[in-house]
Amino acid sequence: MNDRTIIRGRLLSFLRKPESASDEGCYRYENDGALVIENGRIVACGAYAAVRDKAPEGTREIDHRPHLLMPGFIDTHLHFPQMQVIGSYAGGLLEWLNTYTFPEERRFADAAHAGRIATEFFDELLRNGTTTAVAYCTVHKTSADAYFAESLKRGMLMLGGKVMMDRNAPEGLLDTPEQAYEETKAVIAGWHGRGRNHVVITPRFAITSTPEQMEAARTLAGEFPDLHIQTHLSENHDEIRYTCELFPEAKDYTDIYARYGLLGPKSLFGHAIHLSEREADAMSETRSVAVHCPTSNLFLGSGLFPWRTYERRGKPLRIAVATDVGGGTSYSMFATMAEAYKIQQLLGERLNPLESFYHMTLGNAEALSLSDRIGTLEPGTDADFIVLDAAATPVMKLRMETVSTVTEELFLLQTLGDDRSVVEAYVAGRPMKQSLSPA
Ligand code: GUN
Ligand code: FE
């Protein structure tokens, strides 16, 4: 069957990281643009007239004008079992984890519960235009099975991992070093490379893993060098203090992970707010990724991510952006970058709209080493893209009357947009959002 389709709209895709707010060479924009998609891939991208001329007579067309076509958003750090934790009233990270998060995560031993929440989770990602995410499941293998089964069903490129944690958490939420090793291997055998699934080695953070379990993580990383690794790093001062007490031989928090061989270009470190110069060097030398989670950092009072300081170093850090739901307070990458912007304002810095949208798409794809597949509209990549309406609400519609450039439109989407601005989300060429059951 030839399922070739022309998708028409205003087209925007980043080619590289923007150097400034007026860097017009960093993106491709077509006011009357089109994609041609076939068998889940993008096969052409450009001006509508040119694309139309090359397409065979009778090729199906879907017209999304006047809306924007962009690559699907990528969320590089969130917790699928925290859907019923989001918005919990807590003082700071450790209180939030112990009071709300750990008790809730225990429920994911139940396959039926894990399956129900996985369905809700994927619906919510798509509602918000997120077509790829990197998630923590829980310590239970059942949670990873539910997550990857749902991803396979929807044909999405998703990353995730069974959490490894063997101390400092309640009963019912602990494994052992051996169990973490065996079950992670079982999740890899069952799901990695099946459909578009990627399994991630996931020691939760150094507080909840014994040295023996950190060794197990090292062994897994050695056996599966292509896999991503995710954990949390330097989120909050109490957390840092406690972590360093647990590993007195380490130079600092980052050095704990380094000692177990967990730094590297496929390692994703959630938060990484309060790094010393030495730690930042260790991160950049290994090309490890600092994952900025702005709504979470504000909600839990964790700190202000020193984005420009990390970027202006002789050896800049690789930076990704993420929601960190349920410490984060929104599934939307718009809200995420709106808060990232405000954090930089508080630090006396500016984050321009081109950078924001670059990071939600191509930037996050590069941080995941997946930009050959996702994050752009380049021919040959997977047809994961979204349709955005910057006039989706009365407030936005009114404000749009005074907007005259694409950059201004992006900033409006970021500042005022939410899931209502996401008209459609295509996954491997298939429209997924409009067919969701109503919220
Ligand atoms: N550190 C360890 N676990 C978590 C978590 O679930 N959320 C956040 N924000 N930080 C963590
Ligand atoms: Fe997190």
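Counting convention: from 1, in listed order, for ligands and their atoms alike.
Between Phe14 and Tyr358, the ring planes are perpendicular. Angles over 60° get that label, and only those under 30° would be called parallel. The aromatic rings of Tyr147 and Phe121 sit tilted relative to each other, their planes meeting at an angle between 30° and 60°. Taking the six-membered ring where the residue is Trp, Phe334 and Phe73 present perpendicular rings, their angle passing 60° and hence far from 30°. Taking the six-membered ring for Trp and thresholds of 30 and 60 degrees, His198 and His192 have ring planes more than 60 degrees apart, a perpendicular arrangement.
Per-residue contacts place Phe205 under 4.0 angstrom from the following atoms of ligand 1 (heavy atoms of the residue considered): 1 (N), 2 (C).
Using a 4.0 Å cut-off between charged side-chain N and carboxylate O, Glu279 and Lys251 make no salt bridge. Electrostatic pairing of Lys17 and Asp23 does not count as a salt bridge here, judged by no charged N lying under 4.0 Å from a carboxylate O. Residues Glu182 and Lys185 are not paired through a salt bridge, judged by the lack of any N-O separation under 4.0 Å between the basic side chain and the carboxylate.
Among all protein heavy atoms, the one lying closest to atom 3 (N) of ligand 1 is Arg204 NE, 2.8 Å. Atom 7 (N) of ligand 1 has its closest protein heavy atom at Trp96 CZ3, 3.4 Å. Closest to atom 1 (N) of ligand 1 among all protein heavy atoms lies His232 CG, 3.4 Å. For atom 10 (N) of ligand 1, the closest heavy atom belonging to the protein is Glu235 OE1, 2.8 Å.
In Leu97, the part holding a heavy atom less than 4.0 Å from any atom of ligand 1 is the side chain. With a 4.0 Å heavy-atom cut-off, ligand 1 is reached by the side chain of Asp324 but not by its N, CA, C or O.
Take the N/O/S atoms of His77: the one nearest the Fe ion (ligand 2) is NE2. If you look at His232 and ask which of its N, O or S atoms sits nearest the Fe ion (ligand 2), the answer is NE2.
Take the Fe ion (ligand 2) as the corner point: the lines to NE2 of His79 and to OD1 of Asp324 open at 90°, to the nearest 10 degrees.
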Audit row: Phe80, Phe122, ring pair (Phe, Tyr, Trp, His ring centres under 6.0 Å) steps and yes/no: CA-CA 9 Å; Phe80 116 75; Phe122 280 75; 7.6 Å; no

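Heavy-atom separations between Gln82 and ligand 1 include at least one value shorter than 4.0 Å.
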